[in-house]
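What follows is one structure encoded as structure tokens, with my remarks underneath.
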Amino acid sequence: MKIASWNVAGLRACVKKGFYNWYLNSAPDVVCLQETKAMVDQLPEEVVTPPDHDTLYAPAKKRGYSGVSTWIHKNLKANSKIGLGEDIFDDEGRTIITEFKHFFLINCYFPNGQRDHARVPYKMDFCELVLAKAKELMKDTGKEIVITGDFNTAHTEDDLANPKTNKKTTGFLPNERAWMDKLLESGFIDAFRHFNPKGNGHYTWWTYRSNCRERNIGWRIDYFWVSKGLKESLKDCYHQIDILGSDHCPIVLEIDTN
């Protein structure tokens, strides 16, 4: 199974920049989108009813803000549910949970803590709820878990170009990074680092300012975290850094579901 995840930074804008060609050429079995920023009735038909996938959208109540979407290939058997069961997060359209035969896929758009850190507590509450939900699903069903999306956090110093100057910046705060440590301690695997254990320069987001993408001055804040029971099923995890259309690039997980 090939799962793609992409913060599109506004799906309507991304469609105008080649999103649909990426979808056709990349041919993922599952597509997880974050920051769609649109109600379904605002979207072009090709991304509401694409030819090979069933789509589910979870927009924020606030128009033009946040939102996630999960696309499932018509040949796959799956059940999807919007939200975590908490209005404070679900009203912002941040989560879709999909159940497959052997695992659950949690598509998340994690909150940004904001420059003044005002939303860091909200972000951390969301993080804790996502992990609690993942553990609950594993306990109740015995199935494995894949958590993907824009986490808005760089885990280690290898995951951003300028760690020393960003130690007090949201996205690289000690408590944000500590939550990712908790993911590891809970038995989750950073799939990209499973295949690329060392080295920096592997980024998924670049500010539009100062030609940062061309200079590869970025952050790795988009992830696939998988429960340890899926370790032997991992085939590959990579970044599609040449795909434009957003300030993020798509990331892809290939997993053996047999």
Side-chain angles (χ1 to χ4, degrees), residues 3-17 19-20 22-23 28 30-50 53-72 78-99 104-114 118-134 136-137 145-153 170-171 176 179 204-205 221-225 245-251:
I3 307 172
S5 179
W6 192 5
N7 179 322
V8 290
L11 183 53
R12 287 170 293 176
C14 197
V15 165
K16 296 176 181 178
K17 299 175 184 177
F19 170 86
Y20 196 69
W22 165 81
Y23 158 70
V30 181
V31 181
C32 295
L33 306 178
Q34 303 89 42
E35 205 173 359
T36 53
K37 291 185 176 180
M39 301 298 179
V40 175
D41 61 8
Q42 296 177 300
L43 294 168
E45 185 65 21
E46 65 263 29
V47 298
V48 176
T49 56
H53 290 73
D54 295 316
T55 67
L56 179 63
Y57 283 86
K61 285 190 173 182
K62 178 182 176 182
R63 296 178 75 87
Y65 177 73
S66 191
V68 294
S69 179
T70 299
W71 301 16
I72 308 294
N79 293 301
S80 295
K81 180 181 178 181
I82 291 173
L84 293 168
E86 294 287 345
D87 289 347
I88 190 173
F89 304 119
D90 296 345
D91 286 351
E92 293 195 358
R94 295 196 172 273
T95 317
I96 295 175
I97 301 175
T98 302
E99 181 179 8
F104 284 88
L105 173 66
I106 307 178
N107 173 15
C108 295
Y109 177 38
F110 287 73
N112 186 305
Q114 301 300 324
R119 297 214 25 167
V120 170
Y122 175 84
K123 175 181 181 179
M124 300 314 303
D125 288 345
F126 179 83
C127 291
E128 294 294 345
L129 185 57
V130 168
L131 181 54
K133 175 61 72 173
E136 175 188 326
L137 291 171
I145 303 290
V146 176
I147 309 173
T148 192
D150 175 5
F151 284 66
N152 261 312
T153 298
T170 185
E176 295 169 319
W179 180 77
T204 64
W205 174 80
I221 57 176
D222 303 87
Y223 296 81
F224 283 99
W225 286 88
S246 166
D247 50 357
H248 295 248
C249 72
I251 62 174

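Excluded from the calculations below are hydrogen atoms, water molecules and symmetry mates; all remaining heavy atoms, backbone and side chain alike, are included.
Between Ile3 atom CD1 and Thr148 atom OG1 the span is 7.5 Å, to the nearest 0.5 Å. Rounding to the nearest 0.5 angstrom, the gap separating the OG atom in Ser80 from the CZ atom in Phe104 is 10.5 Å. Rounding to the nearest 0.5 angstrom, the gap separating the SG atom in Cys32 from the CD1 atom in Ile106 is 10.5 Å. Atom CZ of Arg119 and atom CG of Asp125 lie 11.0 Å apart (nearest 0.5 Å). Within the model, atoms CD1 of Ile251 and OG1 of Thr204 stand 6.5 Å from one another, a figure rounded to the nearest 0.5 Å. Note that CD of Glu86 is 9.0 Å distant from NZ of Lys133, once rounded to the nearest 0.5 Å.
The minimum heavy-atom distance linking Val8 with Leu33 is given by the pair CG1-CD2, 4.0 Å. What you find for Val68 and Thr36 is that their closest heavy atoms are N-OG1, 3.8 Å. What you find for Ile97 and Leu137 is that their closest heavy atoms are CG2-CD1, 4.1 Å. Summarising the geometry of Val31 relative to Pro28, their closest heavy-atom pair is CG2-CG, 3.4 Å, with the distance given to 0.1 Å. Here the closest non-hydrogen pair linking Ala58 and Thr95 is CB-O, 4.4 Å. Nearest heavy-atom pair, Trp6 versus Ser246, reported as atom, atom and distance to 0.1 Å: NE1-CB, 3.6 Å.
Below 30°, between 30° and 60°, or above 60°: for Trp71 and Phe19 the angle between ring planes is above 60°, a perpendicular geometry. Using a 30° and 60° split on the angle between ring planes, Phe110 and Trp179 fall in the tilted class, from 30° to 60°. Phe151 and Trp225 have tilted rings, their planes meeting at an angle from 30° to 60° on a 0 to 90° scale.
Under the 3.5 Å distance criterion, with hydrogens and angles disregarded, a donor-acceptor pair is assigned to the side chains of Lys123 and Thr153. In summary, the side chains of Thr170 and Gln114 do not present any donor paired with an acceptor at a separation below 3.5 Å, with no hydrogens or angles considered.
Remark: Pro44 pairs with Val15, Glu46, Val47 by the side chain to side chain contact (heavy atoms under 4.5 Å, CB included) rule, at least two apart or across chains. Residues passing the side-chain hydrogen bond (donor to acceptor under 3.5 Å, both in side chains) test with Trp205, sequence neighbours excluded: Asp247. Taking the side chain to side chain contact (heavy atoms under 4.5 Å, CB included) definition, one finds that Pro59 meets it with Met39, Tyr57, sequence neighbours left out.
Side chain of Asn107 to backbone of Ser69: a donor-acceptor contact under 3.5 angstrom is found. Remark: side-chain polar atoms of Glu176 are paired, donor with acceptor, to backbone N or O of Gly171 under 3.5 angstrom. Of the possible polar contacts, one joining the Arg94 side chain to the Tyr109 backbone as a donor-acceptor pair under 3.5 Å is found.
Using a 4.5 Å cut-off on side-chain heavy atoms (C-beta onward), His248 and Gln34 make no contact. Looking only at side-chain heavy atoms (C-beta outward), Glu92 and Lys62 stay at 4.5 Å or farther from each other. Counting heavy atoms from C-beta outward, Thr55 and Thr49 have side chains that stay 4.5 Å or more apart.
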Worksheet item: Does the pair Leu84 and Val130 meet the rule for a side chain to side chain contact (heavy atoms under 4.5 Å, CB included), with working shown?
Response: CA-CA 8 Å; Leu84 293 168; Val130 168; 4.0 Å; yes
